[in-house]
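Notes follow once the structure below has been shown.
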Amino acid sequence: MSQRSYWLFKSEPTNFSFDDLRTCPNSTEHWDGVRNYQARNYLRDEVQVGDQVLFYHSNIAVPAIVGIAEVVRAGYPDWTARDPENKHFDPASTAEKPIWYMVDVRFVNPFPRPVKLAELKNNPALSGMVLLSRSRLSIQPVREEEWRQILRMGGVEE
DNA sequence: GCCAACGTTGGC
DNA sequence: GCCAACGTTGGC
């Protein structure tokens, strides 16, 4: 029995928003299209069923963490890499030797108050967050203390 | 829309 | 294996 971990997943809401996740069948969706090796390693090797996820909206006027999702399926080959029609097609990835991985996530709940990037930056307790030093990494680990702090900032009851 | 930061590619 | 060129990300 492994202890559950915390993550931050980034998404551009114009592509896929937290509300899109909510309205998916069973509020569950594949987290596909990740094409960065470090993020891939997390998805393939570390993200586990039951892990909790901060859903972050990037590349918009007011970037913010908007809610919580949960991992419902651990890493497995991202088949969109083998679909020539797909935007994220990668001919180097095969069924025998997949390069890219995805997980499945489920909508849990929105924050009563979204936590803006500016607020994260202004909180000294969060100065070690990966988001602030490696902003481009799309799958990032979150420490338990950071998780609790951010939920508090988002108005989530303990 | 700009541009800095950063990841990837490919010539050597 | 180095590193310049290039493409992408994402805050502003």
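Proteins come first, then strands; the chains are lettered A, B, ... in the order of their sequence lines, and each starts at number 1.
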Extract all donor-acceptor atom pairs below 3.5 Å that involve side chains of residues 69-77 of chain A and protein atoms in other chains or at least two apart in sequence.
from	atom 1	to	atom 2	distance (Å)
A/Glu70	OE1	A/Arg106	NH2	2.7
A/Tyr76	OH	A/His30	ND1	3.0
A/Tyr76	OH	A/Asp104	OD1	2.5
A/Tyr76	OH	A/Asp104	OD2	3.4

Quiz item: For the side-chain contact (heavy atoms from CB on, under 4.5 Å) test, which of A/Val47, A/Asp51, A/Thr28, A/Leu21 pairs with A/Val105?
Solution: A/Leu21

Quiz item: Taking NZ from A/Lys87 and P from C/dT9, how many angstroms apart are they, rounded to a whole number?
Solution: 7 Å

Quiz item: Does C/dC12 have OP1 or OP2 sitting under 4.0 Å from an N or O in the side chain of A/Lys121?
Solution: yes

Quiz item: For the pair made of CZ in A/Arg35 and C1' in C/dG7, what is the distance, rounded to whole Å?
Solution: 16 Å

Exercise. Kindly point out which of C/dG11, B/dC6, B/dG7 is positioned nearest to the side chain of A/Arg134?
Key: B/dG7

Quiz prompt | N/O (side chain, A/Tyr37) to phosphate O (OP1/OP2, B/dC6) under 4.0 Å | solution = no

Quiz item: Does a salt bridge link A/Glu144 with A/Arg4, judged by any charged N lying under 4.0 Å from a carboxylate O?
Solution: no

Quiz item: With ring centroids as reference points, do A/Phe55 and A/Trp31 lie under 6.0 angstrom apart?
Solution: yes

Quiz prompt | Nearest-nucleotide pick for A/Asn36, side chain only, options being B/dT8, C/dG7, C/dC12 | solution = B/dT8

Practice problem: Using atom CD of A/Gln38 as one end and atom C1' of C/dT8 as the other, report the distance to the nearest whole Å. | Solution: 16 Å

Quiz item: Heavy atom of residues 58-68 of chain A under 4.0 Å from DNA chain C: which residues?
Solution: A/Ser58, A/Asn59, A/Pro63

Quiz item: Does the distance from a Lys or Arg side-chain N to an Asp or Glu carboxylate O, for A/Asp78 and A/Arg35, drop under 4.0 Å?
Solution: yes

Practice problem: Examine A/Leu120 and A/Leu151 and state if one hydrophobic cluster contains both, with Ile, Leu, Val, Met, Phe, Trp and Tyr joined whenever side-chain heavy atoms are less than 4.5 Å apart. | Solution: yes

